[in-house]
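Within every chain, numbering begins at 1; the chains are lettered A, B, ... in the order of the sequence lines, protein sequences first and strands thereafter. On a predicted model such as this, the values are computed, not experimentally measured, just so you know.
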Amino acid sequence: MTRQKFGELELKHDLKFQQRAWIVQRVGWVVMLLIAAAALLGIFGGSGVLNQTALGDAASPLIFHYHRFGRVLKTTSLELEVSELPPDTNAVRVWISDDYLAHLEIKTITPEPEQVIAGEDRMIFVFAVAPNIATTRFTFVIEPHHIGSISGIIGQEDGLSYAFDQFIYP
Amino acid sequence: MESVLRSVVMYLILLVIFRISGKRSLAQITSFDFVLLLIIGEATQQALLGNDFSLTNAALVVITLIGVDIAISLLKRRSPQIEKFVDSVPLILIENGEMHQDRLKKARVDEEDILVAARELQGLERLDQIKYAILERSGGISIVPKSG
């Protein structure tokens, strides 16, 4: 960029570049606004209508609530709602695939499982349940350690299971 | 590796965001702007260090940031285009006493900003005493008074 003369003033002036820069700047402002709007909707993780989703409808004996998008090292939750439990049930066995668990750390499980059993390609969590209850919930708070797409399967032993995908931002 | 990558990416993100925000954002530091910069620093620190508060990680981050800064300064010397992108270009707002209103509007500078600079830097009283007013790359306004 060479200096130009404006009267007695010597300056590295480039009006064409500046005008292009202003256009880019305005476009940048719009992009920033769209990013903020997308974040409010949950596209970058956290709460937001586009982030929270569920598998299984209201009539299903197993409903799985999770977030489509997460951020690395930020906790998110997986929630299983189990219903239509037989009256004599005293335990519910829930499983999560190993290839999903490999990408994260489970921080808390509510309620705490009585047992955790390592299956062939899954981890099985055994929860004690009170007799004669129709519906119960289990919540796993997880912390992803992997950036990018992660896939997994979650389900109830001898019952329904759901395959799901999440995208984890850096 | 993660420390270095985070640092490089964060540096570039901040560079782009501050360039998009415009020159005057950096120059017009009010008390609130100062607080805002502190908050940005805090937010950035969390992203740079993550969960690793070791001396090693901190040193790697600092070394990477300074290294990227040096690399960019060397690139700027070699490439005028990169220099323009990183540092922007000065912009003449008043030329031979004539005000470029369109440039003032686009640069988000008003006459009062120019008068403030004129008073502070040159002790001038009126706009017609100004020969050149230039919005510098830093976002500050420099004033060349009319002679006589």
Side-chain angles (χ1 to χ4, degrees), chain A residues 1-40 43-46 69-76 103-108 141-148 167-170, chain B residues 2 5-6 8-10 13 15-25 46-52 76-98 100 102-108 130-137 142-147:
Chain A
M1 188 165 56
T2 53
R3 288 197 194 90
Q4 298 169 36
K5 277 241 179 191
F6 295 88
E8 288 164 2
L9 187 68
E10 233 178 274
L11 197 68
K12 282 184 181 177
H13 193 253
D14 190 339
L15 190 58
K16 277 190 182 155
F17 173 85
Q18 184 62 74
Q19 284 167 340
R20 283 200 301 268
W22 280 325
I23 294 171
V24 171
Q25 199 179 78
R26 265 72 178 160
V27 169
W29 293 353
V30 172
V31 169
M32 282 166 61
L33 187 65
L34 290 174
I35 288 172
L40 284 169
I43 287 178
F44 295 109
F69 305 104
R71 297 195 284 267
V72 75
L73 301 179
K74 181 187 177 337
T75 56
T76 183
H103 298 306
L104 51 90
E105 183 185 338
I106 297 178
K107 302 298 279 187
T108 60
V141 174
I142 59 159
E143 184 181 271
H145 290 177
H146 176 84
I147 295 167
F167 186 83
I168 307 299
Y169 289 97
Chain B
E2 215 180 81
L5 284 177
R6 279 171 178 263
V8 171
V9 171
M10 201 68 234
I13 288 173
L15 179 65
V16 168
I17 289 176
F18 276 101
R19 285 292 284 116
I20 289 173
S21 74
K23 284 183 251 196
R24 291 302 286 165
S25 301
Q46 300 286 337
L48 288 171
L49 297 182
N51 284 340
D52 186 350
K76 280 186 329 191
R77 288 177 64 88
R78 286 172 171 256
S79 167
Q81 289 301 321
I82 291 179
E83 187 187 8
K84 280 189 212 176
F85 171 74
V86 174
D87 287 343
S88 189
V89 292
L91 178 70
I92 299 175
L93 300 174
I94 296 178
E95 188 173 357
N96 284 320
E98 189 188 325
H100 293 282
D102 57 327
R103 296 179 196 178
L104 259 76
K105 191 176 163 190
K106 288 208 176 131
R108 294 177 288 144
I130 300 173
K131 187 174 181 184
Y132 291 105
I134 301 125
L135 179 62
E136 300 291 357
R137 298 187 293 189
S142 53
I143 303 289
V144 177
K146 284 181 180 170
S147 48

As an exercise: rank B:N51, B:V9, B:I20 by heavy-atom pairs under 4.5 Å with chain A and give me the winner.
B:I20
What one should report as the nearest heavy-atom pair of B:K106 and A:R26 is O-NH2, 3.1 Å
Begin from the C-alpha positions of A:H13 and B:I134 and carry the test side-chain contact (heavy atoms from CB on, under 4.5 Å) through to its verdict.
CA-CA 10 Å; A:H13 193 253; B:I134 301 125; over 6 Å; no
Would you name the heavy atoms of A:W22 and B:L91 that are closest together and state the gap between them?
CZ2-CD2, 3.4 Å
When rounded to the nearest 0.5 angstrom, what distance separates CG in A:L11 from CD in B:E95?
9.5 Å
Would you find more than 12 non-hydrogen atoms of other residues, nucleotides or ligands less than 6.0 Å from A:Q19 atom CD?
yes
About how many Å separate CD of B:Q81 and CG of A:D14, when rounded to the nearest 0.5 Å?
8.0 Å
Side-chain heavy atoms of B:R19 within contact of A:V24, under 4.5 Å
no
Between B:R6 and chain A, with a heavy-atom cut-off of 4.5 Å, which part of the residue counts as in contact: side chain, backbone, both or neither?
side chain
On a heavy-atom basis, which atom in B:F85 and which in A:F17 lie closest, and how many Å separate them?
N-CZ, 3.9 Å
